[in-house]
Amino acid sequence: MNPKHTLKEYADALTRAGLLTASTLTPAAEGTVIDCLSYDTRSLHGTSLFLCKGAHFKAEYLSAAIAQGAAAYVAEKPYPVDAPQLLVSDIRYAMVVLGQLFYDHVTDKLTSVGITGTKGKSTTAYYVRSILNDWLTSEGKPPCAILSSIDNYDGVITEESHITTPEVLELYQHFQNAYDSGISHLVMEVSSQALKVGRVRGMTFDVGAFLNIGTDHISPIEHPDFADYYASKLKLFDSCRVGCVNTDADHAAETVAHARSGGCELITFGSHASDTVFCERVEKRADGLYFTVRSPKYNGEFSITMPGLFNVSNALAAMAISMALGVPEEFVRSGLRKARANGRMQVYESRDKRVTVIVDYAHNRMSFDALYRSTRVEYPGKEMISVFGCPGSHALQRRRDLGELSGENCAFVYITEEDSGEEPFAQIAADIEKHVKCPHLVCEDRAECIRRAILDHPEPHVILLTGKGEETTMKRGREFVPFLSDVELTLKYLAEYDEKEAKA
């Protein structure tokens, strides 16, 4: 159990970090021992220190916290409540400082891997997890923890994820759960937003991997332009011991230079003979993708069974990470071979093989482009049909990018709901539709779009069902409501198709 600290110790930590601008702690209050640190009134217990943060924060939340036993609060401005206050210049950095003290710097107690990039983070994370689990199991150790945009597992919690990188205190709680469960390794996706606002500030990853960079997450509430997006991604190298970089990605030379300037050890991977992990040949066979690698630690032919030629790059990233962690080659081979990521490149077919459905989480220009190119190579002669939408209020450039790419590559496009949130679906759809230059249909009912894509097209076709994977909720307003996953809907309507064809 972590040691508990007094309000004075928390105030002192803020002072040492140069954050504390004012305090109304009395000598009597300074000795109060804190049981709970939180910004969510629903999680309060015992004697708590409450953090006032977030764009949606309201003064009544603080009043409720005090009524539930908050001994003091931390905020960037004072509130008219009867409780001691610790005023700070930066509430987000304050969460890091206070959280590290409360959780006894638990992020330093596990071997951690942070993965960033515009595409491929989840798949790479699950490749690494599969490799590590084979290795750890062989040594009688618990499986590794994972925090991803698919789901989270920390030895205590197994849950579907709604955010790529958890907020600071949730992140530390996951590390704490893993540590308490005897878990030695944690693999996580690190989003550009998390890097920009400091959710991983104060952490040092044992290995950080930079997969690629494209244009994404440009909006008033995320990154104002590409330069800010890229600069945020590069911050990963400011907090890792070993940095892994894909030399086949755009801006690779700049990324490598930044990694070196940050002082971390560098491992490169890609298709250049100078790469640390060099892939010199790729071959598609009936049972998977095979590729030959030369590196200081792993050599020869390796294979993956997840479809998609672009996944070879993700596998190389996982090999570079494994090299940094000292994983023996046998577990790299076996882990890559059996690796799966829910909602990523899951392929389903009708009995007559005329209808193929690929369920994938592709949701930006880079991932759509890679998916279309790979599908054209792997399914020659089949028309492509896309079913997709865009999220509300952020990553606004996707509407043009995905509209243009789908119109250029597909025989038909369905524009549908995809976590519209607080923005009207009609506005999102209109923004996409004006860029789709092929036959298409706008229909908010995602299930109906999937049904039509499977049942209403007579020619042999491949349906690319993107953006949601195996997620079982849909964001409407500020709530996530239950919703059948794309996989469940695919199986349902493929069964209907098979029954229909059997009667024909």
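Numbers here simply count residues along the sequence, with the first being 1.
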side-chain contact (heavy atoms from CB on, under 4.5 Å) between Glu329 and Phe302, intermediate numbers included
CA-CA 10 Å; Glu329 182 178 288; Phe302 294 78; 4.0 Å; yes
Heavy-atom check, side chain of Leu132 versus side chain of Leu325, under 4.5 Å
yes
Can you name the closest pair of heavy atoms from Glu471 and Ser149 and give their distance?
OE2-O, 4.4 Å
Any side-chain to backbone donor/acceptor pair from Glu488 onto Ser485? Under 3.5 Å, distance only.
yes
Are the side chain of Asn314 and the backbone of Thr124 linked by a donor-acceptor contact shorter than 3.5 Å?
no
Looking only at heavy atoms, what is the nearest atom pair of Ala453 and Val387, with distance?
CB-CG2, 3.9 Å
Give the intermediate values and the outcome of side-chain contact (heavy atoms from CB on, under 4.5 Å) for residues Thr107 and Gln100.
CA-CA 8 Å; Thr107 55; Gln100 289 285 13; 3.2 Å; yes
Residues two or more places apart in sequence or in another chain: which of them pass side-chain hydrogen bond (donor to acceptor under 3.5 Å, both in side chains) with Asp369?
Arg373
So how far is it from Lys121 NZ to Ser191 OG, rounded to the nearest 0.5 Å?
7.5 Å
Beyond-backbone contact of Val113 with Arg129, side-chain heavy atoms, under 4.5 angstrom:
no
With sequence neighbours left out, what residues match His440 under side-chain hydrogen bond (donor to acceptor under 3.5 Å, both in side chains)?
Glu433
Contacts of His457 that satisfy side-chain contact (heavy atoms from CB on, under 4.5 Å) - sequence neighbours left out
Ile385, Phe412, Tyr414, His461
Return the set of residues passing side-chain contact (heavy atoms from CB on, under 4.5 Å) with Thr204 (not counting sequence neighbours), or none when no residue passes.
Arg241
Cationic N near anionic O, under 4.0 Å, Arg451 to Glu448:
yes
Heavy-atom pair with the smallest gap, counting every atom of Tyr361 and Gly469
CD1-N, 4.4 Å
Can you tell me how far the OG atom of Ser295 sits from the CE atom of Met319, to the nearest 0.5 Å?
6.0 Å
Is the distance between the ring centroids of His258 and Tyr230 under 6.0 Å?
no
Approximate separation, where rounding is to 0.5 Å, of Glu349 CD and Asp498 CG:
10.5 Å
What closest approach, in Å, do Glu189 and Ala125 show between heavy atoms, and which atom pair accounts for it?
CG-CB, 4.5 Å
Can you check whether Val442 reaches Phe425 side chain to side chain, under 4.5 Å on heavy atoms?
yes
Less than 4.5 Å apart, any side-chain heavy atom of Cys410 and any of Tyr372?
yes
Step by step, work out the side-chain contact (heavy atoms from CB on, under 4.5 Å) result for Arg201 and Arg92.
CA-CA 10 Å; Arg201 186 173 180 175; Arg92 284 200 164 274; over 6 Å; no
Using 0.5 Å steps for rounding, measure from the CG atom of Leu236 to the CG atom of Leu195.
6.0 Å
I'd like to check the side-chain hydrogen bond (donor to acceptor under 3.5 Å, both in side chains) partners of Asp352; sequence neighbours left out, ordered by chain and number.
Ser350, Tyr497
Please walk me through it: do Thr118 and Tyr229 pass side chain to side chain donor-acceptor pair (under 3.5 Å)?
CA-CA 10 Å; Thr118 301; Tyr229 175 57; 2.9 Å; yes
Could you check whether Arg446 pairs with Asp419 (Lys NZ or Arg NE/NH1/NH2 to Asp/Glu carboxylate O, under 4.0 Å)?
no
Supply the atom-to-atom distance Ile131 CD1 to Leu336 CG, rounded to the nearest 0.5 angstrom.
4.0 Å
Any salt bridge between Glu423 and Lys475, counting N to O under 4.0 Å?
no
Of Arg400, Arg399, Arg398, the residue whose pairing with Asp431 passes salt bridge (charged side-chain N to carboxylate O under 4.0 Å, His left out):
Arg399
Could you walk me through whether Arg344 and Asn311 pass the side-chain contact (heavy atoms from CB on, under 4.5 Å) test, one step at a time?
CA-CA 10 Å; Arg344 267 59 174 179; Asn311 277 325; over 6 Å; no
Within a strict 4.5 Å, meaning less than it, do heavy atoms of the Phe331 and Leu136 side chains meet?
no
A quick test of your reading: do over 12 heavy atoms of other residues, nucleotides or ligands sit less than 6.0 Å from OH of Tyr179?
no
Looking at every heavy atom in both Met306 and Leu289, which two are closest together, and how far apart are they?
O-CD1, 4.1 Å
Donor-acceptor pair between Ser130 and Arg340 side chains, under 3.5 angstrom
no
Once side-chain hydrogen bond (donor to acceptor under 3.5 Å, both in side chains) is applied, do any residues pair with Asp154, and if so which ones, sequence neighbours excluded?
His174, Asn177
With side chains defined as the heavy atoms from C-beta onward, is the minimum distance between Thr466 and Ser386 less than 4.5 Å?
no
Atom CZ of Arg260 with >12 non-hydrogen neighbours under 6.0 angstrom:
no
Taking atom CZ of Phe388 and atom CD of Glu417, what is their separation to the nearest 0.5 Å?
14.5 Å
Contacts of Tyr298 that satisfy ring-ring contact (aromatic ring centres under 6.0 Å, His included) - sequence neighbours left out:
none
Counting N and O atoms only, with roles assigned by atom type, does the side chain of Thr276 sit under 3.5 Å from a partner on the main chain of Thr268, one being a donor and the other an acceptor?
yes
Close side-chain approach of Leu234 and Thr255, heavy atoms under 4.5 Å
yes
Sorted by chain and number, sequence neighbours left out, ring-ring contact (aromatic ring centres under 6.0 Å, His included) with Tyr172 holds for none
Considering residues at least two apart in sequence or located in another chain, which fulfil the ring-ring contact (aromatic ring centres under 6.0 Å, His included) criterion with Tyr290?
none
Looking only at non-hydrogen atoms, find the nearest pair between Gly407 and Val436 and report the distance.
CA-CG1, 4.3 Å
More than 12 heavy atoms from other groups under 6.0 Å of NZ on Lys109:
yes
Whether the side chain of Lys141 engages the backbone of Ser138 through a donor-acceptor N/O pair (distance < 3.5 Å, no angle test) should be reported.
no
Mind checking what makes side-chain contact (heavy atoms from CB on, under 4.5 Å) contact with Ser232, not counting sequence neighbours?
Ser192, Lys196, His223, Asp228
In plain terms, say whether Glu418 and Lys468 are close enough for a salt bridge, that is, a side-chain N and a carboxylate O under 4.0 Å apart.
no
Counting C-beta onward and ignoring hydrogens, is there a side-chain heavy-atom pair between Leu316 and Asp248 closer than 4.5 Å?
no
Apply side-chain contact (heavy atoms from CB on, under 4.5 Å) to Val347 and list each qualifying residue two or more places apart in sequence or on a separate chain.
Pro307, Thr356, Ile358, Tyr379
Pairing residues for Phe237 by the ring-ring contact (aromatic ring centres under 6.0 Å, His included) criterion, not counting sequence neighbours
Phe210
